[in-house]
Every structure is written in structure tokens, then in C-alpha cells.
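Only a predicted model underlies this, so the values are computations on that prediction, with no experimental measurement involved. Values below: every heavy atom of this structure, side chains too, minus hydrogens, waters and symmetry copies. Chain identifiers are assigned alphabetically (A, B, ...) following the order of the sequence lines, protein sequences preceding nucleic acid strands; residue numbering begins at 1 within each chain.
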There are 2 protein chains.
Amino acid sequence: MSREDAARGDGTSVDSADVVTADSAALARSGPSRHTWQRKAVLDQLRQCDDFVSAQGLHRLLEVSGTSIGLSTVYRQLNSLAESGLADTIRLNERQMFRVCEDGGRHHHHLVCERCGKTFEIEPPDNEWFASVARRHGFTVTSHTMEVFGLCSECLADAQDGEVGAGSDTTRSSDI
Amino acid sequence: MSREDAARGDGTSVDSADVVTADSAALARSGPSRHTWQRKAVLDQLRQCDDFVSAQGLHRLLEVSGTSIGLSTVYRQLNSLAESGLADTIRLNERQMFRVCEDGGRHHHHLVCERCGKTFEIEPPDNEWFASVARRHGFTVTSHTMEVFGLCSECLADAQDGEVGAGSDTTRSSDI
DNA sequence: GTCCCTGCAAAACATTTGCACTATG
DNA sequence: CATAGTGCAAATGTTTTGCAGGGAC
């Protein structure tokens, strides 16, 4: 679900009948917490990845390394981890990507190489900036998203070498 | 088609992800450009919306106002507009949302009320910040995404009225 | 007249969910 | 043992696409 369109986000509200149903759902789905080998497997595999992985990617990684596990379980565990702050997520290529999050829930952002997927955590810019933006428009800021994309030094070099348009699909590491 | 350039790794919708790679593919799928009444209808309807609308939302708006038009056409036109810089997009509630973009392609961000959808354009923070982040990690920054969510003054007031333990936390900003 | 654009239905896709079953605590 | 977690298949919901036909230029 997670379709908490409380706002008339899509600007229509023509047949929007479901509004209140969101909260109950939110509570109901705090996610798995028992110690199953699946949970451990997902977390272990996630820890082995330096960069962001998609649910499908992680599932495939697990399968490849001989661990047979249900895709839905991977989704459920991953969501659970994200919700409890053990993993953080970004959206890349229309997919939700996960990564272990060492420090509980501190607010941070990512610098992601759009070629090889290498990722670094970065600090948000001056908080004062958000405050001033908010003040200017009479807003109370509740959250923000920010990701910075670019090319790491190696990939930049590669890109300049093989500029023949070849590299495109050869290096989709993050797409496993 | 678009599936490919999405799969490649530019991840960040339209923003400014097209660095050097605004290659043939991009040109090839620039989308509809003829003057059909559908194109006009989509653009007109989009102009009437102050805030972001989803493709489906816009389609419904059109239908409601008596304009029968194919959903796929709406998608195609919207994508075309976004690609040519006439519209900008954000992702809200798992949907891609569109809005007319007055000033060609200048890079900007949005402050969005997560309750009523009200939107303001905001300037990015000090560019020096990006530069320093990039320098520190040896990156060449090609693009970035940023959206700030919050409550506008009216919605904040509303929220405080009906503070009956209701969700009010409409965001699960997991990917802040 | 030649294409491009449209519309429909069907596909593609990632993600979620219903339900019977199993393992955890 | 009770029940939370699993796995499968089916459902969901958004966005794209194949293709035949009609309109734009």
C-alpha cells in the first residue's frame, strides 16, 4: 500500500474514497522481527554490498549464492529493515534500492556514481538554508530528499576513453 | 525505448542528468511534436494546474472536463513535455508528477506541501556546497535531485485542529 | 500522399497481498 | 502451542508498447 495520498496529490480527487485507511495499515505493517534464517540471510547479504541494491537484486544475489528464498520475503525484510532504520533507501532507475545503514537513523544523503553505483554518504548542506526557505513561504518543513549523482574518478576516465557509446550497458553493476 | 535510458543509470528523471550522453536515443524519442488537439489539451490542462499532477490525474481531469483522450497519449505528451523542458517532474507517492515549467530549463527545486500539494520553486543551496562534496570524493557531479516537503501554514493549522491522534504524519519519508 | 500521432488493449515491471503452511519463541 | 513469518501465485497500479487507422503537414 503505502499509498497515503492524504493530500490530493494527483490533483483530482474525483473518486478518492480511501483516506483514513492509511494509518491502520501503517501500524499493521511494522514488519517481521523474529529470528528466521531468512532475516539473517537478507541482512548478511545486504552487509556484503557496499552499494545500493534493489530487492530483486538482493534476491538474485542470494539465489546465486545458493540461498533459496522467496522474493516476497526479501521485500518484506528489506522494508522492515528500512523502516526500523537499519537500512536506508534511495530511488534509482525507478527502483527502490537498499543499503545497510551503520548509524541508526541519522539524517544523511548520498553521492552516487551513476555508472558504477559507488556510493558515499554526505552531510546535508547548512540547515539554516532549509529554515530560511521554509520561513520565506510560511512552511513547516517535515522532510526532504536529496541525492547527488555524478561520475567517480575511475568512471569518468573510462567514459572519456571509450566514448564510443559502448560503455552504456556494460557496467550496470547496481542492476544485478 | 525509454526503458533503456532509464535502465542505464541516469536515474534522476529529467533534471539535468543528460550530461554528454544526450545521445541519439534521446533525440530519437523526443516524442510527439505535431500540433494535435490532444497536445494542446494536455498542455492547457497542465497550465491550469498550479501544482503537480500525475499523468493519471491529468487524464482524469481532462475526462471530467469533457475531453475524451487516451491515457497513453497523455503519458506520451507529458513525457515529451518533460523531456523538452516545458514541464518538470518530481516523484511523489510513488507516482511521477508533472507541472508546467515557465522558465525553460533552469535548474530548480520544489517546496511541496505534503497535505495540499501546494508548490513553490526554490533556489538550490550554495553551489559551492556541491563542488566541495564532489571534490572531497573525486566525483564529477552531473546532476542532483532535491525536494523539500512540509506543511504550508494553512495545512499546519488544519493539522493542529484535528490532532486527534490521527496519522497527521502523512509522510513516511523513508528516503529522506 | 506520407508520415506521425492516437487509442486501445495487452505487456512489462516492481512491489504487495491473500492464504495455507511451517517454524519460532 | 499460538502465531508471526514464509512462499507461492495472483493481484495491484503505473507506465510503456504493438499495431491499425486517422489526422497533420
Side-chain angles (χ1 to χ4, degrees), chain A residues 1-5 9-10 12 15-16 18 21-22 24-43 52-60 62-63 67-83 89-98 174-176, chain B residues 1-7 11 13-14 25 28-43 53-60 62-63 67-83 89 91-98 172 174-175:
Chain A
M1 275 290 164
S2 78
R3 211 160 281 342
E4 28 225 304
D5 290 310
D10 61 355
T12 37
D15 55 44
S16 57
D18 51 317
T21 47
S24 43
L27 287 168
R29 65 100 104 134
S30 25
S33 58
R34 276 189 185 177
H35 283 179
T36 61
W37 65 263
Q38 288 94 333
R39 184 173 181 81
K40 179 166 167 16
V42 166
L43 192 47
F52 282 90
V53 230
S54 67
Q56 312 244 21
L58 201 93
H59 179 245
R60 220 170 314 165
L62 285 165
E63 295 276 306
T67 312
S68 179
I69 185 176
L71 177 58
S72 17
T73 301
V74 174
Y75 271 103
R76 280 188 277 235
Q77 290 294 352
L78 245 21
N79 283 334
S80 152
L81 289 173
E83 224 165 295
T89 70
I90 60 172
R91 175 168 289 273
L92 189 56
N93 299 332
E94 309 299 296
R95 281 179 171 86
Q96 186 113 27
M97 314 274 291
F98 301 81
S174 53
D175 187 44
I176 307 179
Chain B
M1 314 243 172
S2 60
R3 191 151 287 319
E4 302 188 335
D5 64 54
S13 39
V14 250
R29 58 96 80 196
S30 27
S33 57
R34 277 188 181 174
H35 281 181
T36 60
W37 65 263
Q38 287 94 334
R39 183 175 183 78
K40 179 165 167 14
V42 166
L43 193 47
V53 228
S54 68
Q56 312 244 22
L58 201 93
H59 178 245
R60 223 171 315 164
L62 285 165
E63 295 278 305
T67 311
S68 179
I69 185 176
L71 177 57
S72 17
T73 302
V74 174
Y75 271 104
R76 280 187 277 237
Q77 290 294 354
L78 244 21
N79 284 334
S80 153
L81 289 173
E83 225 166 295
T89 70
R91 175 169 287 274
L92 189 57
N93 297 329
E94 311 298 298
R95 280 179 173 88
Q96 186 113 27
M97 313 275 290
F98 300 81
R172 47 72 150 296
S174 33
D175 60 336

Item to complete: Might you work through the side-chain contact (heavy atoms from CB on, under 4.5 Å) test for B:Ser54 and B:Gln96, ending with a clear yes or no?
Response: CA-CA 6 Å; B:Ser54 68; B:Gln96 186 113 27; over 6 Å; no
Response to the item:
For B:Ser68 and B:Trp37, the nearest pair of non-hydrogen atoms, with its separation, is O-CH2, 3.2 Å
Worksheet item: Side chains of A:Thr36 and A:Gln77: closer than 4.5 Å at any heavy-atom pair?
Response: yes
Response to the item:
In whole angstroms, the gap separating C1' of C:dG7 from CD of B:Glu63 amounts to 12 Å
Worksheet entry | Euclidean distance, atom CG of residue B:Leu78 to atom C1' of C:dT6 [Å, nearest integer] | 15 Å
Discussion item. In the structure I gave you, are the side-chain heavy atoms of B:Arg39 and B:Leu81 within less than 4.5 Å of one another anywhere?
Written reply: yes
Discussion item. For a 4.5 angstrom cut-off between non-hydrogen side-chain atoms, does A:Ile90 reach A:Phe98?
Written reply: no
Discussion item. Applying side-chain hydrogen bond (donor to acceptor under 3.5 Å, both in side chains), can you list everything that pairs with B:Arg76, at least two apart in sequence or on another chain?
Written reply: none
Worksheet, complete the sentence: Atom CZ of B:Arg39 and atom P of D:dC25 are separated, to the nearest Å, by 11 Å
Worksheet item: Quick one: does B:His59's side chain have a donor or acceptor within less than 3.5 Å of a partner on B:Ile69's backbone?
Response: yes
Worksheet item: Between B:Ala55 and A:Gln77, who's closer to the 5' end of DNA chain D by nearest nucleotide?
Response: A:Gln77
Worksheet, complete the sentence: Per-nt protein contacts along nucleotides 20-25 of chain C (heavy atom under 4.0 Å; B base, S backbone sugar-phosphate only, - none) come out as ----BS
Worksheet entry | 4.5 Å side-chain heavy-atom contact, A:Arg91 and A:Met97 | no
Worksheet item: The side chain of B:Arg95 lies closest to which of these nucleotides: D:dT14, C:dT15, C:dG7?
Response: D:dT14
Worksheet item: Within this structure, what is the CZ-to-P distance between B:Arg91 and D:dG13, rounded to whole angstrom?
Response: 16 Å
Worksheet item: Any luck finding a side-chain donor-acceptor pair between A:Gln38 and A:Thr73 under 3.5 Å?
Response: no
Discussion item. Starting the side chain at C-beta, find the nucleotide from C:dT17, D:dT14, C:dG7 nearest to B:Thr73.
Written reply: C:dG7
Worksheet item: Considering the terminal five base pairs at each end of the helix from C:dG1-D:dC25 to C:dG25-D:dC1, what angle separates the two local helix axes, rounded to 10°?
Response: 30°
Response to the item:
Against the side chain of B:Asn79, the closest entry in C:dT17, C:dT6, D:dT16 is D:dT16
Practice prompt. Figure out the OH/P separation between B:Tyr75 and C:dA9, and round it to whole Å.
Written response: 16 Å
Worksheet item: OP1, OP2 of D:dG23 versus side-chain N and O of B:Gln38: anything below 4.0 Å?
Response: no
Item to complete: Let me know the distance between CG of B:Leu71 and C1' of D:dG18, rounded to the nearest Å.
Response: 16 Å
Worksheet item: Could you give the CD-to-C1' distance, from B:Gln56 to D:dT12, as a whole number of Å?
Response: 12 Å
Discussion item. In this structure, how many angstroms lie between the P atom of D:dT14 and the CE atom of B:Met97, rounded?
Written reply: 11 Å
